[in-house]
S.K.: 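Can you keep this structure in mind? I'll have questions shortly.
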Amino acid sequence: MAVARIGELSAAHRARIAAILEATAVFRREEIDVALELFDETFPRDTRPTIDAATAAAPCNDAPPTDSSYVFLGAFTPEDELVGYACYGPTPDTDRTFDLYWIAVDPTVQGTGGGTRLMTEVERRLEGLNARMLVVETSSRPEYAPTRAFYERRGYAEAARVREFYAPGDDRVIFTKRFQGIFNSSTGRGAVQQ
Ligand SMILES: CC(C)(COP(=O)(O)OP(=O)(O)OC[C@H]1O[C@@H](n2cnc3c(N)ncnc32)[C@H](O)[C@@H]1OP(=O)(O)O)[C@@H](O)C(=O)NCCC(=O)NCCS
């Protein structure tokens with residue numbers, strides 16, 4: 001089922017986020033835990049005591065998002081099922097450099113354009129903020145080869161590599177895409193330089 005829209009997330013989406021991360025089968029348990037920590041920091045679950053048993057049994061409530069600097073975007077099917085998400089934010093202590101912390105699409109819909117829609121929306125928002133650069137880090141492991149190709153085809157270039165950073169034989173590969181100028185509303189794209 002193709003992605004119909006990109007939209008905001010809330011605490012209620014936590015279980016779907018966890019399911020998507022697990023279903024991709026590329027993330028280690030610790031990576032999934034970190035991804036969910038970022039989510040919880042942004043959308044804290046409402047732990048206020050309640051006398052309503054039905055509410056108390058709910059896995060999570062929609063407490064308002066915090067002023068966390070992480071931004072989450074979801075990819076939704078026409079039936080409004082969450083099938084992918086991206087998380088990005090400003091890199092602390094930099095001048096308009098941003099990090100893409102996470103992007104994941106449910107394997108059942110990978111290859112149908114959801115990841116591209118998410119990246120396009122992240123970049124559109126960054127260009128609106130006059131961002132200079134988006135940094136994406138990934139692994140050199142073979143199972144990430146399609147992911148690296150995905151970034152490269154969208155204009156991300158390898159800027160650095162830390163050999164064996166994650167583990168023996170598993171490099172940290174750092175891709176960047178540079179933005180310049182004001183977002184061009186007539187083409188829907190900003191000018192990009194590497
Ligand atoms: C990378 C990812 C987000 C792309 O999302 P997607 O919805 O499959 O992306 P799209 O359909 O817009 O584009 C797919 C493109 O990526 C390639 N691709 C990458 N991974 C793919 C996969 N697992 N299945 C199908 N195509 C994949 C396709 O060949 C296609 O190529 P194109 O550039 O010629 O169009 C998604 O594959 C994913 O969640 N991968 C696992 C998690 C991951 O690696 N996240 C990044 C961590 S750094």
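Atoms within a ligand are numbered from 1 in the order they appear, just like the ligands themselves. It should be emphasised that the depicted structure is a prediction, and the values quoted were computed from it without experimental measurement.
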S.K.: When you measure from atom 39 (O) of ligand 1 to every protein heavy atom, which one gives the shortest distance, and what is it?
M.R.: V105 N, 2.8 Å

S.K.: Do any nitrogen or oxygen atoms of E137 lie less than 3.5 angstrom from nitrogen or oxygen atoms of ligand 1?
M.R.: no

S.K.: What residue and heavy atom of the protein are closest to atom 12 (O) of ligand 1, and at what distance?
M.R.: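 Looking only at protein heavy atoms, the one closest to atom 12 (O) of ligand 1 is T116 OG1, 2.5 Å.
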
S.K.: Hey, are R124 and E121 close enough for a salt bridge, meaning a charged N less than 4.0 Å from a carboxylate O?
M.R.: yes

S.K.: Can you list everything that forms a salt bridge (Lys or Arg N to Asp or Glu O under 4.0 Å) with D99? Sequence neighbours excluded, please.
M.R.: none

S.K.: So, D171 side chain and E164 main chain: donor-acceptor pair closer than 3.5 Å or not?
M.R.: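 Yes: the side chain of D171 pairs with the backbone of E164.
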
S.K.: Grouping I, L, V, M, F, W and Y whenever their side-chain heavy atoms are under 4.5 Å apart, do W102 and Y166 come out in a common cluster?
M.R.: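 No.
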
S.K.: Looking at residues at least two apart in the chain, or sitting in another chain, which of them share a ring-ring contact (aromatic ring centres under 6.0 Å, His included) with F150?
M.R.: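 Scan of F150 (ring-ring contact (aromatic ring centres under 6.0 Å, His included), adjacent residues dropped) gives none.
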
S.K.: What about V109: any of its N or O atoms under 3.5 Å from an N or O on ligand 1?
M.R.: no

S.K.: Yes or no, since that's all I need: does a protein heavy atom fall within a distance strictly under 4.0 Å of atom 2 (C) of ligand 1?
M.R.: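 No; the ligand atom in question lacks any protein heavy-atom contact below 4.0 Å.
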
S.K.: Quick one: which ligand 1 atoms are inside 4.0 Å of a heavy atom on T138?
M.R.: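 Those of ligand 1 that fall under 4.0 Å from T138 are 48 (S).
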
S.K.: Pick out which of Y85, Y70, F72 makes a ring-ring contact (aromatic ring centres under 6.0 Å, His included) with Y101.
M.R.: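 Among the candidates, only Y70 passes.
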
S.K.: Counting only N and O atoms by type, is there a donor-acceptor contact under 3.5 Å from the side chain of R117 to the main-chain atoms of V3?
M.R.: yes

S.K.: Any idea which atoms of ligand 1 are less than 4.0 Å away from a heavy-atom of F27?
M.R.: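 Selected atoms, number and element: 42 (C), 43 (C), 45 (N), 47 (C).
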
S.K.: What do we get for Y101 next to ligand 1 when only non-hydrogen atoms under 4.0 Å count, side chain, backbone, both or neither?
M.R.: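 Answer for Y101: neither.
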
S.K.: Consider ligand 1: state whether an atom of it lies below 4.0 angstrom from any non-hydrogen atom of W102.
M.R.: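 So W102 does not count as touching ligand 1.
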
S.K.: Is V136 touching ligand 1 with its side chain, its backbone, both, or neither, if touching means heavy atoms under 4.0 Å apart?
M.R.: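 Neither part.
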
S.K.: Measuring from non-hydrogen atoms of R117 to any atom of ligand 1, is the shortest distance under 4.0 Å?
M.R.: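 R117: no contact with ligand 1 (<4.0 Å).
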
S.K.: Using protein heavy atoms only, decide if any is under 4.0 Å from atom 19 (C) of ligand 1.
M.R.: yes

S.K.: Starting at CE of M133, measure out to OG1 of T94 and round the result to the nearest 0.5 Å.
M.R.: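 Reported to 0.5 Å precision, the distance equals 8.5 Å.
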
S.K.: Any nitrogen or oxygen of F150, main chain or side chain, under 3.5 Å from a nitrogen or oxygen of ligand 1?
M.R.: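 No, F150 has no N/O under 3.5 Å of an N/O on ligand 1.
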
S.K.: What protein heavy atom is closest to atom 21 (C) of ligand 1, reported as residue, atom name and distance in Å?
M.R.: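 Its nearest protein heavy-atom neighbour is P146 CB, 3.9 Å.
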
S.K.: I'd like to know if R148 pairs up with E158 as an ion pair, taking the criterion as any Lys NZ or Arg NE/NH1/NH2 lying under 4.0 Å from an Asp or Glu carboxylate oxygen.
M.R.: no

S.K.: To which protein heavy atom is atom 45 (N) of ligand 1 closest, and what is the distance rounded to 0.1 Å?
M.R.: I103 O, 2.8 Å

S.K.: Measure the distances from the heavy atoms of G113 to every atom of ligand 1 and state whether one is below 4.0 angstrom.
M.R.: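 The answer is yes: ligand 1 sits under 4.0 Å from a heavy atom of G113.
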
S.K.: Provide, to 0.1 Å, the distance between atom 26 (N) of ligand 1 and the closest protein heavy atom, together with that atom's residue and name.
M.R.: G111 CA, 3.9 Å

S.K.: Under 3.5 Å between some N or O of ligand 1 and some N or O of T147?
M.R.: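 In this structure, T147 places an N or O atom under 3.5 Å from an N or O of ligand 1.
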
S.K.: Please walk me through it: do E123 and K177 pass salt bridge (charged side-chain N to carboxylate O under 4.0 Å, His left out)?
M.R.: CA-CA 10 Å; E123 292 176 11; K177 183 168 182 173; 3.1 Å; yes

S.K.: What distance separates E152 CD from F175 CZ, expressed to the nearest 0.5 Å?
M.R.: 4.5 Å

S.K.: Would you check if L9 and I17 make a side-chain contact, meaning some heavy-atom pair closer than 4.5 Å?
M.R.: yes

S.K.: Name the option, out of Q110, R154, R153, that contains the heavy atom nearest to atom 28 (C) of ligand 1.
M.R.: R153

S.K.: From atom 5 (O) of ligand 1, work out which of G115, A104, G114 has a heavy atom at the shortest distance.
M.R.: G115

S.K.: Looking only at heavy atoms, is any part of V26 under 4.0 Å from ligand 1, and if so is it the side chain, the backbone, or both, or is it neither?
M.R.: side chain

S.K.: Count I, L, V, M, F, W, Y as connected when their side-chain heavy atoms are under 4.5 Å apart, and connections chain through other members. Are F165 and Y144 then in the same cluster?
M.R.: no

